[in-house]
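Have a look at the structure below before the remarks.
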Protein chains: 2
Amino acid sequence: MVKQAILLTSLACGLILAQPADDSSPASSNVMNAQYPRIHSDLRATFRLSAPDAHKVQVSIAHGRYDMSRGADGLWYATTPPLVPGFHYYSFNVDGASVADPSSHSYYGGSRDSSGIEVPEKGVDFYEAKSVPHGEVRIRWYLSKVTGQHRRCFVYTPPGYDTNTRGRYPVLYLQHGSGEDETGWIFQGRANLILDNLISAGKAKPMIVVMENGYASVGGQSKLPAAATDLDKPAPKVGGYPADTSGFNDVMLQDVIPMIDGAYRTLADREHRAMAGLSMGGNQTCQLTFRNLDKFAWIGAFSGTGNGLSTAPIDAKTFIGGVFADGAALNAKLRLLWIGMGTEEPDPFPGAIGSFRKMLDLSGVKYVYFVSPGTAHEWQTWRRDLNDFAPRLFR
Amino acid sequence: MVKQAILLTSLACGLILAQPADDSSPASSNVMNAQYPRIHSDLRATFRLSAPDAHKVQVSIAHGRYDMSRGADGLWYATTPPLVPGFHYYSFNVDGASVADPSSHSYYGGSRDSSGIEVPEKGVDFYEAKSVPHGEVRIRWYLSKVTGQHRRCFVYTPPGYDTNTRGRYPVLYLQHGSGEDETGWIFQGRANLILDNLISAGKAKPMIVVMENGYASVGGQSKLPAAATDLDKPAPKVGGYPADTSGFNDVMLQDVIPMIDGAYRTLADREHRAMAGLSMGGNQTCQLTFRNLDKFAWIGAFSGTGNGLSTAPIDAKTFIGGVFADGAALNAKLRLLWIGMGTEEPDPFPGAIGSFRKMLDLSGVKYVYFVSPGTAHEWQTWRRDLNDFAPRLFR
């Protein structure tokens, strides 16, 4: 009786259906053979969970939280409104416990292994695996001189890298956001497939892409992150301890770039070295590259600029060592400054990115500004960013 | 009052403590900065979960299930008895929902992304990252002619592969178990670190290791697995549908081996090609290699042999095309047959592996038999297997 009452209430409010519509199919992000979550033709998603003794179960996705209700089979179901296409983190809440969905693959985001769901975008396949030559993604372990610990980075080598043994390649350093790690641009972002498709179509130059972990503690010591390098959240906390980015610049300059230039056939100069990042990684990119313009000539800031979460006006004379004060001088050094943002990004991103752009405009610094329509602070924005940014590099 | 009663009962039975002992430290398998789970010096593990409105929470690990109780902070805690060293899958049960721990990394096992915990083994570091030259693990995407789908394999290239550009290498094909995939031998098994350490110590020859997904459907059609190729469970099911291994042999012979020999500098003959697998993968290895001895000369069966879960006596005259009937002839072809098992493996593994060995003994087929002391049907067994098996290859 209680179950029926819940179900009727749910149906009445129009958000929840215990049964999927006929036109739904399993999400491509499901674990092998799992039939849920299911995506409907109108991009609603139906989730299912077995929680026989639970009293309240919800699914949280894309800033919405939806009550689930028991179906006739005793399992919990909820159908969301139509979702924005792309990759979304989500979680279940089972009697107060926020947990992942056993039916979906998990991805490191939100400072934990979170469930992800892939919502297809009609007519869009630039990030899908196609019948084109594929590069490889190499997982590379190394001992960091900076942190004293064994670290891991992901390195994309383009199609033909192994056979074109005399060729040398430019390098894009590409960073994840807060609460993510070096795996994000491959498993959530599909950077390798985006590059495979661009390169095979002749739209982007073959390049190496290096994805490092943005968290690093100098000498293994955990420190509070500097305010300016902590973009997404005031202090990303896991287990009550702040994540530490204090060693990131040193890891990049002392460990990663020399290692990459030593281990791969790179073109090891500023004209052939780019860096981009999303959110916290965009902030880290600005903080690192604008202080090291002898090493980088191409810069991408995806939903994150050098002022972090601050929406305050920026004084070009003092910001990042005053590098923006002389716009003409900076323009002469930069081959590309590229800034992107989704139209649906929440505060403080529009304000923070807006302040950075206003500072650039006042100083006369040239940049490309890209807008992702209909997407928020999420991976579909950043996939589109990379798809627009990469073709402009190393021309 | 209820909470107190639960806590006192728990303390009385000696399995659960709401507070960790002072000598505990966070498990190395935790997500960044997570303070739980914690491992004690005697290898007990303390788990913690936030589930404010739950009525019953348990942790399941290594075939034990332990009630959790609320601590003074309102979070749920349980401390297990001392655990066997190595990697263990585990899960929480929250009011009937079996879910992963947000504080640990997840690994594909049990046909879902399951929590894993690393319990250190005193004085043992053969699978740890050390200051030795590291090989790379390459994630390789390809279009399968057999399944018609884009698939992914993991390829370990040994230290020096990129610089020793005229060197050619032998290849070990290495398969996961039921409900796992091509990621298992790296993230759970640490095959790359085991090989790095063996190679740097001069104990194993530099080799390429290829890890493919053991599930494959011919032409994208899902079929029931043949009984003989489905080792761990009668039918590994996810979402009510059986996983399908029917296309695996064809994927290996028609897709993977030709691709690997084309893309990497391999020694492409039987004398330089090995295959091994664990559990279901050991069964797949036997089913594939003994039917293709023109392609493989080195064979490893880790906790799984060609008779699957059957403990029935095996007739060498008919089993796998009668290849075992003439022991002397088979011995002349094989460079190595290696079989391993943990002393604590549950039924039916001792019986099934025992039947296979008895058949070999009756036919006079030579093999190495390795026993992993104190470990069950789990990754610590298979790490030890690889550490013993790999040094014997390609000698």
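Side chains are part of it too, since the values below use all heavy atoms of this structure and drop only hydrogens, waters and symmetry mates. Residue numbering restarts at 1 for every chain, and letters A, B, ... go by the order of the sequence lines.
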Any side-chain heavy atom of [X] sitting closer than 4.5 Å to one from [Y]?
X	Y	result
Tyr215(A)	Asn33(B)	no
Val31(A)	Tyr108(B)	yes
Trp141(B)	Asp196(A)	no
Asp113(B)	Asp113(A)	no

Examine whether an atom of [X] lies under 4.5 Å from a heavy atom of chain A, and if so say whether it belongs to the side chain, the backbone or both; otherwise answer neither.
X	answer
Tyr156(B)	neither
Arg151(B)	neither
Ser106(B)	both
Asn213(B)	neither
Ser131(B)	both

- Message: Quick check on Tyr264(A) against chain B: is it the side chain, the backbone, both or neither that has a heavy atom closer than 4.5 Å?
- Response: side chain

- For Asn30(A), is it the side chain, the backbone, both or neither that has a heavy atom under 4.5 Å from a heavy atom of chain B? neither

- Item | Closest contact, heavy atoms only, Ala97(A) versus Leu49(B) | CB-CD2, 4.4 Å

Give the member of [options] that has the highest number of heavy-atom pairs under 4.5 Å with chain B.
options	answer
Lys56(A), Arg140(A), His105(A)	His105(A)
Ser98(A), Pro52(A), Ser91(A)	Pro52(A)
Ala129(A), Pro26(A), Ser104(A)	Ala129(A)
Asn93(A), Leu193(A), Asn192(A)	Asn192(A)

- Task: Report the distance from atom CZ of Arg138(B) to atom CD1 of Ile139(A), rounding to the nearest 0.5 Å.
- Result: 12.0 Å

- For the pair Asp101(A) and Arg112(B), find out whether any cationic side-chain nitrogen is under 4.0 Å from an anionic carboxylate oxygen. no

- Show your working on side chain to side chain contact (heavy atoms under 4.5 Å, CB included) between Val94(B) and Phe92(A) and close with a plain yes or no. CA-CA 12 Å; Val94(B) 182; Phe92(A) 287 140; over 6 Å; no

- For chain A, which of Val137(B), Thr163(B), Thr157(B) has the most heavy-atom pairs under 4.5 Å? Val137(B)

- Find the one option among Glu136(B), His134(B), Lys130(B) whose heavy-atom pairs under 4.5 Å with chain A are most numerous. Glu136(B)

- Query: Would His55(A) and His55(B) count as a side chain to side chain contact (heavy atoms under 4.5 Å, CB included) if you check the C-alpha gap in whole Å, the side-chain angles of each, and the deciding distance to 0.1 Å?
  - Reply: CA-CA 9 Å; His55(A) 295 259; His55(B) 296 259; 3.4 Å; yes

